[in-house]
K.L.:
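Shown below is the structure under consideration.
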There are 2 protein chains.
Amino acid sequence: MSIQDIIVKLKEHGYKITPQRQEIINVMAQENRHMTVEDIHGKISARFPSLSVDTVYRNVGVLERLNMLDRTDFGDGTGRYKLVENGSHRHHLICLNCGCSEEVDFCPLDYIDQQQIKDKNFAIARHNFEIFGYCARCSKKEE
Amino acid sequence: MSIQDIIVKLKEHGYKITPQRQEIINVMAQENRHMTVEDIHGKISARFPSLSVDTVYRNVGVLERLNMLDRTDFGDGTGRYKLVENGSHRHHLICLNCGCSEEVDFCPLDYIDQQQIKDKNFAIARHNFEIFGYCARCSKKEE
DNA sequence: TTGTTAATTAAGAATAATTCCTGTTTAGGA
DNA sequence: TCCTAAACAGGAATTATTCTTAATTAACAA
């Protein structure tokens with residue numbers, strides 16, 4: 001999904017394209033990784049000193065609601081945000097020592113018995129799944 | 001795992017059995033569900049008015065480190081704790097409307113390609129997996 | 001039974017992510 | 001150019017959790 005596509009979708013839903021919003025999208029598209037609000041704010045505030053954290057929170061909220069952004073908690077209670085194709089998502093291996101993360105090509109919802117859940121009349125909206133442990137580098141140091 | 005077993009294991013690891021610690025274990029064993037620190041503190045503070053929240057946090061921390069307690073975040077950023085058999089855990093269907101939860105008999109680690117992860121030299125320590133959506137009751141109301 | 005000591009505790013301050021509030025500014029359509 | 005709903009900045013408020021400090025106590029040994 002290009003920056004242009006994101007802008008179009010925002011306009012379609014009646015959102016205005018402010019310089020702040022544009023910059024937030026630019027930075028996230030450029031970095032293409034899970035960023036904290038602090039990361040995003042930091043990247044922008046050099047050029048845009050008055051940007052408030054609240055504006056970053058507000059905008060990742062908008063993008064998340066339109067399914068253009070994935071929010072993941074890497075286990076420290078801090079939200080991490082990344083632009084994604086419509087509603088798509090990935091799960092991760094997350095290092096408890098250095099905090100690095102790596103995507104895995106597996107989603108538990110492809111393996112769980114969905115029928116069993118439907119039988120309970122539970123309507124799935126979303127899910128989380130992250131694996132925590134120690135990456136190759138940090139495992140090695142440990143020895 | 002009985003309360004006695006828990007006490008024995010605590011003693012084995014050099015922990016003292018204080019009345020506060022005993023009460024926290026009693027309440028959690030009695031309720032046998034995922035409780036917030038506030039839940040636990042509330043249940044006890046009637047009989048034990050001076051119990052501090054810090055003591056509850058400290059004790060669930062001890063129990064977690066000894067693999068006798070599972071900490072789960074039901075999506076609101078608040079820890080929820082439940083006594084469990086040694087290191088065992090369950091995943092849940094969690095209602096975004098009423099907050100109720102139901103265990104599911106499925107763990108993604110039984111299905112993911114573990115070899116692929118070992119090949120990356122990643123050492124798994126723990127994982128999370130929770131499904132969010134709307135329970136039968138709340139889905140019905142919606143209509 | 002009493003003394004010793006490391007573990008534990010209470011109380012409140014500190015921290016940190018996120019949300020809320022208020023008054024001001026502005027994007028985009030008329 | 002004007003109008004108005006949306007968006008903004010700045011800072012206060014909220015909330016889960018951790019930290020600090022001084023006092024208390026469980027467990028063990030003499």
Side-chain angles (χ1 to χ4, degrees), chain A residues 4 6-27 34-42 44-66 69 71-82 99 128, chain B residues 4 6-27 34-42 44-66 69 71-82 99 128:
Chain A
Q4 261 318 304
I6 296 173
I7 302 295
V8 167
K9 191 163 178 179
L10 283 170
K11 284 187 177 173
E12 280 173 6
H13 284 81
Y15 291 102
K16 296 176 178 176
I17 310 305
T18 64
Q20 293 93 331
R21 179 162 288 162
Q22 178 78 62
E23 265 303 284
I24 291 167
I25 295 166
N26 287 349
V27 164
H34 276 90
M35 304 177 81
T36 63
V37 163
E38 198 187 346
D39 289 338
I40 300 166
H41 185 261
I44 298 175
S45 60
R47 281 167 291 171
F48 219 124
S50 72
L51 184 78
S52 76
V53 288
D54 187 55
T55 297
V56 181
Y57 277 107
R58 200 161 356 88
N59 278 286
V60 294
V62 167
L63 293 166
E64 188 181 14
R65 258 171 274 128
L66 296 180
L69 175 145
R71 180 193 196 279
T72 299
D73 181 348
F74 280 6
D76 61 357
T78 306
R80 284 160 204 270
Y81 306 88
K82 182 182 180 183
N128 64 25
Chain B
Q4 260 318 303
I6 296 172
I7 301 296
V8 168
K9 190 163 179 179
L10 283 169
K11 284 187 177 173
E12 278 173 6
H13 284 81
Y15 292 102
K16 295 175 177 175
I17 310 304
T18 64
Q20 293 92 332
R21 180 161 287 160
Q22 179 76 64
E23 265 303 285
I24 290 167
I25 294 166
N26 287 349
V27 164
H34 276 89
M35 304 177 80
T36 64
V37 164
E38 198 188 347
D39 288 340
I40 300 166
H41 185 260
I44 299 174
S45 60
R47 279 168 291 172
F48 219 124
S50 72
L51 184 80
S52 76
V53 287
D54 188 55
T55 296
V56 180
Y57 277 106
R58 200 163 356 88
N59 279 287
V60 292
V62 167
L63 293 166
E64 188 180 14
R65 258 171 273 128
L66 295 181
L69 175 144
R71 179 193 195 280
T72 300
D73 181 348
F74 280 5
D76 60 358
T78 306
R80 284 160 204 271
Y81 307 87
K82 181 182 179 182
N128 65 26

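Labels below follow one simple rule: chain letters A, B, ... track the order of the sequence lines, proteins then strands, and each chain is numbered from 1.
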K.L.:
Name the first nucleotide and the last nucleotide along DNA chain D (5' to 3') that come under 4.0 Å of a heavy atom in chain A.
P.N.:
D:dA5 to D:dG10
K.L.:
Is the closest side-chain heavy-atom distance between B:Leu66 and B:Tyr15 below 4.5 Å?
P.N.:
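Yes, at least one pair of side-chain atoms sits under 4.5 Å.
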K.L.:
Just checking B:Asn59: base, sugar-phosphate only, or nothing, at a heavy-atom cut-off of under 4.0 Å?
P.N.:
sugar-phosphate
K.L.:
Go through residues 6-21 of chain A and report each residue with a non-hydrogen atom lying under 4.0 Å from DNA chain D, sorted by number.
P.N.:
A:Tyr15, A:Lys16, A:Thr18, A:Gln20, A:Arg21
K.L.:
Just how far, in rounded Å, is P of C:dA17 from CD of A:Glu38?
P.N.:
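Roughly 6 Å, once rounded to whole Å.
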K.L.:
Let me know, please, whether A:Asp54 or B:Val53 comes out on the 5' side of the other along DNA chain D by nearest nucleotide.
P.N.:
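The answer here is A:Asp54.
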K.L.:
Of A:Thr36, A:Ile40, A:Asp39, A:Val27, which meets side chain to side chain contact (heavy atoms under 4.5 Å, CB included) against A:Val56?
P.N.:
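Only one option passes, and that is A:Ile40.
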K.L.:
Shortest non-hydrogen contact from A:Arg80 to A:His34?
P.N.:
O-CD2, 3.4 Å
K.L.:
Within the pair A:Tyr57 and C:dT19, is there a side-chain N or O less than 4.0 Å away from OP1 or OP2?
P.N.:
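Indeed not, no polar side-chain atom of A:Tyr57 lies that close.
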K.L.:
At what distance, to the nearest 0.5 angstrom, does CG of B:Leu51 lie from NE2 of B:His41?
P.N.:
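B:Leu51 atom CG to B:His41 atom NE2 measures 4.5 Å (nearest 0.5 Å).
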K.L.:
Please examine the side chains of A:Tyr81 and A:Arg71, heavy atoms only from C-beta on, and report whether any two atoms are closer than 4.5 Å.
P.N.:
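A:Arg71 reaches A:Tyr81 side chain to side chain.
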K.L.:
Round to a whole Å and report the spacing from CD of A:Glu23 to C1' of C:dT26.
P.N.:
17 Å
K.L.:
Can you tell if the side chain of A:His13 reaches within under 4.5 Å of the side chain of A:Arg65, non-hydrogen atoms only?
P.N.:
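They are not in contact (no side-chain heavy atoms under 4.5 Å apart), so the answer is no.
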K.L.:
Minimum heavy-atom separation for A:Lys16 to A:Arg21, with atom names?
P.N.:
O-NH1, 2.8 Å
K.L.:
Under 4.5 Å between any side-chain heavy atoms of B:Ile44 and B:Ile24, yes or no?
P.N.:
yes
